[in-house]
Amino acid sequence: SSASATGTDTSGPDPQLAVTMGFTGFGKKARTFDLEAMFEQTRRTAVERSRKTLEAREKEEEMNREKELRRQIEDIEPTSSGLNVVRDNSKSSSRDTSSSESEESSDSSDDELIGPPLPLKMTKEPVNLMEEDILGPLPPPLHEEEEEDDDESEEEEVSVSNPVQKIPDSHEITLKHGTKTVSALGLDPSGARLVSGGYDYDVKFWDFAGMDASFKAFRSLQPCECHQIKSLQYSNTGDMILVVSGSSQAKVIDRDGFEVMECIKGDQYIVDMANTKGHTAMLHTGSWHPKIKGEFVTCSNDATVRTWEVDNPKKQKSVFKPRTMQGKKVIPTTCTYSRDGNLIAAACQNGSIQIWDRNLTVHPKFHYKQAHEPGTDTSCVAFSYDGNVLASRGGDDTLKLWDVRQFNKPLFSASGLPTMFPMTDCCFSPDDKLIVTGTSVQRGCGSGKLVFFERRTFQRVYEIDITDASVVRCLWHPKLNQIMVGTGNGLAKVYYDPNKSQRGAKLCVVKTQRKAKQAETLTQDYIITPHALPMFREPRQRSTRKQLEKDRLDPLKSHKPEPPVAGPGRGGRVGTHGGTLSSYIVKNIALDKTDDSNPREAILRHAKAAEDNPYWVSPAYSKTQPKTMFAQVESDDEEAKNEPEWKKRKI
């Protein structure tokens, strides 16, 4: 018994081990827990507690209701009636002992009543309660409810029959990206941040919750150096952005603009593009996989469509090679995933649209060879939210609608939609009933428009004049119900409706523009020496504003700087002089007395005076200075005179 008390029970399977380790329990079966029973017990306990709480709350409400009713009766009854029920109620407990006496006295006076108050119909005088005495709100008349239901049903029918009413275009804000074309727009899934890219190589970040009415971007960077931005898209988790530029390498950056990965560049000297590790020519566009995190697709001028993984930037995941019907290479101009991520669609320069199964790279699943005019760049293909319809925006100024299940001819086609940019896109409305695209215009030849088509009939039901430039990008966010538009003159516009839209631009338009803060700089250099002795330690500047106020009172620190010298003077303040002699001399020395004459003559004009009256240098060398001898230069006449006679005779 002592061994078991000390925790060294040797009756187990290995007594020596128990003694060594200092505790028992070796070889015993572990305790099992029935989770379902535990959950059931917890549920019953919670139900029981909820029931008790509800009963207590009901009792309290009932008591309050009785008190309120008694107070109303006391207020309504005249004092002459003698129904002082509340006052006599407090005495009822003492009157229970003398019930017989109270019965006798009740005949003579009505002041003393026993028990709860009498109902209203038993009182002597009839009491007409007003509507305000009834507890709780009055139920509305039935016919009004029916009328309201009819009105709501009529409004629903109108909204269903007319999807144009759901377009949020009553208000707009303008974000100034730059001066060149906004060629890329991206919104994160929550709709909190907008990212824009353009032909000026810049990528700008806009935070709707952090912006005020000045609408300024909180970050601007150039992730691809001197390459135009072709496409920007947030991942489905919102933590990464796919950046596709005019280079051959796509980049992935995080929400703050820091680089996460960069795709590798392939070997351009290999003939078979499937054997290279990456793209070898300029990119066109890219798109994230809607379901798988970290997977995206890109297409390039090297006639390939490649899928990538963020975790493996050194090599693509798979390669799709678009081909003509004769088996020749063809360049894809745009690509995208289907809504479920199982299909990859690409439009090519020969006018064809090819759709592959994501897991089968050999042959396309669907191939329509003349979807658009050959030789034009189809700028966008987009799947509807139900995944059954594909919209294509062609470089032949058309917009076409295709049924993926019967991919043999277009469902509808609309023409007269000019486009001059290789990234003019189209998108579906959140309810899948409208299709939106933009139009391009020459500079000074009208305004670009945002055109809306009804999906069911493909009628041109609505259009918005955006600005006097082309409409390149359009984006209709399903959560915000706001339309983002990128234009050819460097603007990013956001259209919204205060009643139909959520958050987004509504957050920043209500904020007043912040006043520009003055530059709070230190008035003098402040040396921080935390371990200096107290006698050498400078006083810590508590507040820059207070220090500025002190310096304003100091005549030396608040002295106005002298204006620049307007008159004669060089090298600083020599143009100004005081009344001293030295200032006057300095001023005269600094006067501009330059001589533009011949410098040799300017030097030699003092030569005669120096020779006649030597004072500084010449006396020191008067005894040792050699005599100057110059060569004699004779004229031609003198040379002829000095010629000998024999030369003259010879001539």
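Listed here is the closest heavy atom pair of Tyr496 and Ile173: CE2-CG2, 4.0 Å. Taking every heavy atom of both residues into account, Ser440 and Thr424 meet most closely at OG-OG1, 4.3 Å. Shortest non-hydrogen contact noted between Trp288 and Gln233 is NE1-O, 2.9 Å. Considering every non-hydrogen atom in both Met240 and Val310, the closest pair reads SD-CG1, 4.1 Å. Across all their heavy atoms, Glu309 and Met261 have their closest contact at O-CE, 3.8 Å. For Trp206 against Ser196, the heavy-atom pair with the smallest separation is NE1-OG, 3.0 Å.
Ion pairing of Lys180 with Asp200 is absent here, as no side-chain N (NZ or NE/NH1/NH2) approaches a carboxylate O to less than 4.0 Å. Using a 4.0 Å cut-off between charged side-chain N and carboxylate O, Asp256 and Arg193 make a salt bridge. Salt-bridge formation is detected for the pair Asp188/Arg255: a Lys NZ or Arg NE/NH1/NH2 atom is positioned less than 4.0 Å from an Asp or Glu carboxylate oxygen.
Looking only at side-chain heavy atoms (C-beta outward), Pro322 and Cys348 come within less than 4.5 Å of each other. Between Lys321 and Asp272 there is a side-chain heavy-atom pair separated by less than 4.5 Å. A 4.5 Å side-chain heavy-atom check between Val195 and Val203 finds at least one atom pair inside the cut-off. Between Val472 and Met423, the closest side-chain pair of non-hydrogen atoms falls below 4.5 Å. Proximity of Cys474 to Leu450: side-chain heavy atoms (C-beta onward) are separated by under 4.5 Å at one or more points. Using a 4.5 Å heavy-atom threshold, the side chains of Val243 and Leu232 count as touching. Inter-residue side-chain proximity for Arg473 and Ser231 is flagged as met; some heavy-atom pair is nearer than 4.5 Å. Using a 4.5 Å heavy-atom cutoff, the side chains of Thr304 and Phe320 are not in contact.
Counting non-hydrogen atoms of neighbouring residues, nucleotides and ligands closer than 6.0 angstrom, the NZ atom of Lys506 exceeds 12 such neighbours. Within 6.0 Å of atom CD in Gln442, 12 or fewer heavy atoms from other residues, nucleotides or ligands are found, so the atom counts as exposed in its surroundings. For Arg503, the CZ atom sits in a loose shell: 12 or fewer heavy atoms of surrounding residues, nucleotides or ligands are nearer than 6.0 Å. Within a 6.0 Å sphere centred on NZ of Lys550, heavy atoms belonging to other residues, nucleotides or ligands number 12 at most.
With hydrogens and angles ignored, the 3.5 Å screen pairs no side-chain donor or acceptor of Asp551 with any backbone N or O of Lys557. Panel note: side chain Ser470, backbone Gly448; no donor-acceptor pair is recorded below 3.5 Å. Side chain of Thr181 to main chain of Ser183: no donor-acceptor pair is present (N/O by atom type, distance under 3.5 Å, no hydrogens or angles). Lys329 contributes no side-chain N or O that, together with a main-chain N or O of Ala303, makes up a donor-acceptor pair within less than 3.5 Å.
For the 3.5 Å distance criterion, the side chains of Ser300 and His284 fail to qualify, holding no donor opposite an acceptor. Side-chain contact check for Asp497 and Ser170: at least one donor-acceptor pair (N or O, by modelled atom type) lies under 3.5 Å. Side-chain contact of Ser247 with Ser245: a donor-acceptor pair under 3.5 Å is present, judged by distance alone.
Distance check: Ser501 OG to Ile483 CD1 gives 8.5 Å after rounding to the nearest 0.5 Å. Rounded to the nearest 0.5 angstrom, Asp202 CG and Leu221 CG are separated by 8.0 Å. In this structure, CG in Leu185 is found 8.0 Å from CG in Asp425, a value given to the nearest 0.5 Å. With rounding to the nearest 0.5 Å, the separation of CH2 in Trp308 from CD in Gln316 is 5.5 Å. Separation of atoms OG (Ser248) and CE (Met282) is listed at 10.5 Å; rounding is to 0.5 Å. Note that CE of Met273 and NE2 of His279 are 10.5 Å apart. Values are rounded to the nearest 0.5 Å.
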- Task: Test Ser415 against Thr398 for side-chain hydrogen bond (donor to acceptor under 3.5 Å, both in side chains), laying out the working first.
- Result: CA-CA 4 Å; Ser415 58; Thr398 61; over 6 Å; no

- Item | Candidate pair Phe215 and Cys508, rule side chain to side chain contact (heavy atoms under 4.5 Å, CB included), full reasoning | CA-CA 8 Å; Phe215 306 132; Cys508 55; 3.8 Å; yes

- Task: Test Cys263 against Lys315 for side chain to side chain contact (heavy atoms under 4.5 Å, CB included), laying out the working first.
- Result: CA-CA 8 Å; Cys263 299; Lys315 188 178 180 181; over 6 Å; no

- Task: Kindly indicate, with the supporting measurements, whether the criterion side chain to side chain contact (heavy atoms under 4.5 Å, CB included) is fulfilled by Arg393 and Thr419.
- Result: CA-CA 9 Å; Arg393 181 70 164 95; Thr419 173; 3.8 Å; yes

- Task: Output, in order, the C-alpha distance, side-chain angles, deciding distance and verdict of side chain to side chain contact (heavy atoms under 4.5 Å, CB included) for Glu262 and Gln249.
- Result: CA-CA 7 Å; Glu262 182 180 19; Gln249 298 170 272; 3.8 Å; yes

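Ring planes of Trp476 and Phe452: perpendicular class, angle over 60° (limits at 30 and 60°).
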